[in-house]
Amino acid sequence: MPADAAAGVRRLSALRGLLPFLRPYRGRVVLAFVLLCLGSATLLAMPVVFRDLIDAGFGKGETVEGALLGGIGGGGRFVALFVLAVFWAVVVAARYYAVSWVGERVTADLRCAVYARVLGQSPQFFETLQTGEVLSRLSGDATLVQTVVGSSVSMGLRSLLQFIGGMAMLAVTSVHLFALIFGLMVLLALPIAAIGRRVRALSRESQDRIADASALAGEILNAMPTVQAFVQEDREARRFAERTEASFHTALRRTRVRALLAALIIAAVMGTIVFVLWIGARQVQAGALSLGELGAFVLYAGLVAGAAGTLAEVWGEVMRASGATERLLELLQAESAIREASAPPPPPRQAAQVGIVFDHVSFAYPARPGVRALDNICLDVAPGERVALVGPSGAGKTTLFQLLLRFYDVSAGCIRIDGEDIRALALRDLRRGIAFVPQEPVIFSASALENIRYGRPTAGDDEVVAAAQAAAADAFIARLPEGYATFLGERGTRLSGGQRQRIAIARAILGGARLLLLDEATSALDAESEVLVQQGLAAAMEGRTTLIIAHRLATVQQVDRIVVVDHGRIVETGTAADLRRQGGLYARLAALQLAS
C-alpha cells in the first residue's frame, strides 16, 4: 500500500473513536440510514418511470392528456412521477433532520466530554499545551466533526448508494453504453483527482494563514494597554493586514484551482453525456435501443456523475475531520499526572484546625527534572498555627502550596494532613478543605456577588456580604454602579489590583476551609486597605491553620512562626525577634525592608 494511502487509512480509523458517542443514539442512526436507503431507492426509480412514460406514451404517439390520465395502475404516468418526487422530498427532509440532530448531539457530547477531561488535568498538562490550542480544538475541530457526522457522512452514503445503484442500472439499461461511459470516467478521474489534491493542499494552507492572523489578533487584543502605552497601534494594524493579505492571496489561489476543477468536471460530465447521447441516438435509429431507455440512461449517467463528484468532496471533508477527531481524542484520552487514590478514606471530619507535616519532601518540576525546587523539606505545622514562609523569589515557597493542593506530586517524601498522606485522600476532599488566595487573583466575567460566591456556591447573599466585609471589600463594592450585582468585566478589568485581591480574599473567607493558604494576599493593597484586610484576615485565621507566603516582612510580624526558605531548603525557623537575633538571611532581609 502506498504511504499516502496508508496514512489516509490510519487517519480514517480515528473516526472509530466517535462510536462511543454515537452508540447512545443508535436508534436515530438506524432511522437515518433507513430514510437514506428509501430516498436513494426512490431517486433511482424515477428514471424507470421516466422511461415508461416515454416508451409507453410519447414513444407510441400518445398525447400529453393520455399520458396524464392513463397508464400505470389506472393513475397517470405524470401523476406517478409527481408522487415519487413528493415522496422523495419528504424522505430527504426527514433524513436531513435526523442526521443533523445526531451530528449536533454527538458534537455537543464530545465537546462536553473533552472539556470535562481537560478540567481534570494537572498544571503539568498545560506546560506543553497552550490554552489557545485547547480552545481551537473545542471550537474548530469539533465543528469539523459536526459537519462530517451531521452532513458529510450522510451525503457520502447517499452518493455511494446512488453511484452503485446508478452504475448497476446503467449496465441493466445498456451494457454497450455502460462500458463506454465507464471507460471515459476512468480516464477523467486521474486529472480530476490530481487537481483535487492540489485544492485540498491549498485549503489547508489557507486555514493556516487564517489561523496565523487570528493568533496575532488574539495576542494583541489581550495586550491592548501595552500596545497603546507604546503607541504601536499602527504597527500592529499593519502586521494584521499583512497576515490577512497573505490569507487572501492563498484563498485566491485555492479559488482559482477550485474554479478550474469545477470547469473541468462540468465540461467532462457534459461532454460525456453529449457523447453518450450521440452514440445512443445512433442506436435508437438502428433499433437497438428505445427512446425511453436512452432517456433513462442519460438520467442515470447524470446521477452517477453527480454522486462521483459529491464523493470526491466528501472524502476531503472526511479526511479533514479524521485529523480533527484525532486531536480531540488526544485530549479525551489524556491522563492526568495526578492520580486519584484507588480507595480513598471517607471525607475527614470538618474540624476547625488541621495539622500538616512535610516529611523529607523533595520536588523537581517535570519541565526541569534536573533542578530541585524543594530539597529535603521537613516542617511540622501544629493545628491552628499561623506560619509565614519568607525568602527570596524562586526559593520554593509557592511550590509548597502547589504540592499541598496536589497540583503536583512530591518527587520524594510525603505530605500528611492530620496524619493522612494527601495522596491517599480524594482530590475533591483534599481541596475542599483548603482555601487559597493566589498572588495574582482570578476574577471571572460575572458580578461581584457571584465572584465571591465562587468560594461556596451554596452560600446565601448575607454570607457573601459578611465575607466581603471581613475582607474590607464591602465599601468599594457598595460604591459600584449596581453594588454587588455589578458586572466586573473580563478578568476584573473594572477593578484595581487591590480591589481584585480583596474579592479573592473574600472568596477564600466564604469557603470556610480548615486550612488557609495566602500567597502574597496583601501585596497589591495600599497602606490603609492593608490594615483593614489584615484585620479581616486575622478574623479568618482565628482557630484555623494558616500558611502565609510574604515578601513584605511587615505583614507577618504577628504570626506564630516564620520559616525562611532559600534554594529549596529551610534555612531558619523562629519568631521574628528570634530570627533577627540570629543574624541570618531573615535578619538581612529585615534590615533592608524594616530599617526605617
Side-chain angles (χ1 to χ4, degrees), residues 338 340-341 344-359 361 377-389 397-410 413-439 441-442 452-460 463-464 466-471 502-522 533-550 555-556 558-563:
I338 303 302
E340 280 276 13
R349 58 185 179 84
Q350 291 301 310
Q353 303 174 358
V354 294
I356 308 168
V357 175
F358 293 87
D359 188 1
V361 169
I377 294 289
C378 292
L379 175 65
D380 288 2
V381 180
E385 189 177 12
R386 294 173 296 176
V387 175
L389 303 173
K397 305 182 296 296
T398 300
T399 302
L400 285 170
F401 280 15
Q402 291 179 324
L403 294 179
L404 259 176
L405 287 159
R406 278 202 80 195
F407 291 160
Y408 298 90
D409 273 336
V410 299
C414 71
I415 301 174
R416 291 191 293 272
I417 292 182
D418 285 344
E420 192 78 55
D421 190 329
I422 61 173
R423 288 171 293 191
L425 301 175
L427 276 175
R428 289 178 177 272
D429 295 337
L430 170 68
R431 292 171 182 169
R432 280 194 182 119
I434 300 174
F436 178 47
V437 180
Q439 186 172 359
V442 173
I452 297 174
R453 207 199 306 271
Y454 200 82
R456 183 158 53 91
T458 58
E463 293 174 291
V464 172
Q469 290 172 341
R502 278 180 275 173
I503 291 285
I505 292 170
R507 182 188 298 157
I509 292 173
L510 182 66
R514 306 180 303 156
L515 174 59
L516 189 59
L517 304 182
L518 305 174
D519 188 353
E520 287 293 322
T522 61
V533 172
Q534 288 289 359
Q535 293 173 357
L537 288 176
M541 291 187 290
E542 186 64 35
R544 280 189 167 79
T545 306
T546 307
L547 292 180
I548 307 167
I549 293 176
T555 64
V556 293
Q558 304 303 317
V559 298
D560 299 317
R561 185 163 40 129
I562 296 175
V563 175

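Rounded to the nearest 0.5 Å, atoms CG (Leu515) and OG1 (Thr545) are 6.0 Å apart. Here Ile422 contributes atom CD1 and Ile434 contributes atom CD1; the two are 7.5 Å apart, rounded to the nearest 0.5 Å. To the nearest 0.5 Å, atoms CD (Glu385) and CG (Leu547) are separated by 9.0 Å. Here the CG-CZ distance, from Leu517 to Phe401, works out to 4.5 Å after rounding to the nearest 0.5 Å. Of the inter-residue distances, the one linking Leu430 atom CG with Glu420 atom CD reads 11.0 Å to the nearest 0.5 angstrom.
For the residue pair Ala506 and Ala467, the shortest heavy atom distance occurs at O-CB, 3.5 Å. Between Leu425 and Arg406 the shortest heavy-atom distance is O-NH1, 4.3 Å. Summarising the geometry of Ala508 relative to Leu516, their closest heavy-atom pair is CB-CD1, 4.3 Å, with the distance given to 0.1 Å. In plain terms, the two heavy atoms of Ile452 and Leu510 that are nearest each other are O-CD2, 3.3 Å. Taking every heavy atom of both residues into account, Ala513 and Arg432 meet most closely at CB-O, 3.8 Å. Closest heavy-atom contact between Cys414 and Val361: O-CG2, 3.3 Å.
Using a cutoff of 4.0 Å between basic side-chain nitrogens and carboxylate oxygens, Asp359 and Arg416 are scored as salt-bridged.
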Could you go through Phe407 and Arg431, starting from their C-alpha distance and side-chain angles, then the distance that decides it, and tell me whether this counts as side-chain contact (heavy atoms from CB on, under 4.5 Å)?
CA-CA 10 Å; Phe407 291 160; Arg431 292 171 182 169; 3.8 Å; yes
Let's go through Leu404 and Ile417 carefully: what are the C-alpha distance in whole Å and the side-chain angles of both, what is the deciding distance for side-chain contact (heavy atoms from CB on, under 4.5 Å) to 0.1 Å, and is it a yes or a no? CA-CA 9 Å; Leu404 259 176; Ile417 292 182; 4.2 Å; yes
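Residues passing the side chain to side chain donor-acceptor pair (under 3.5 Å) test with Asp560: none are found, sequence neighbours excluded.
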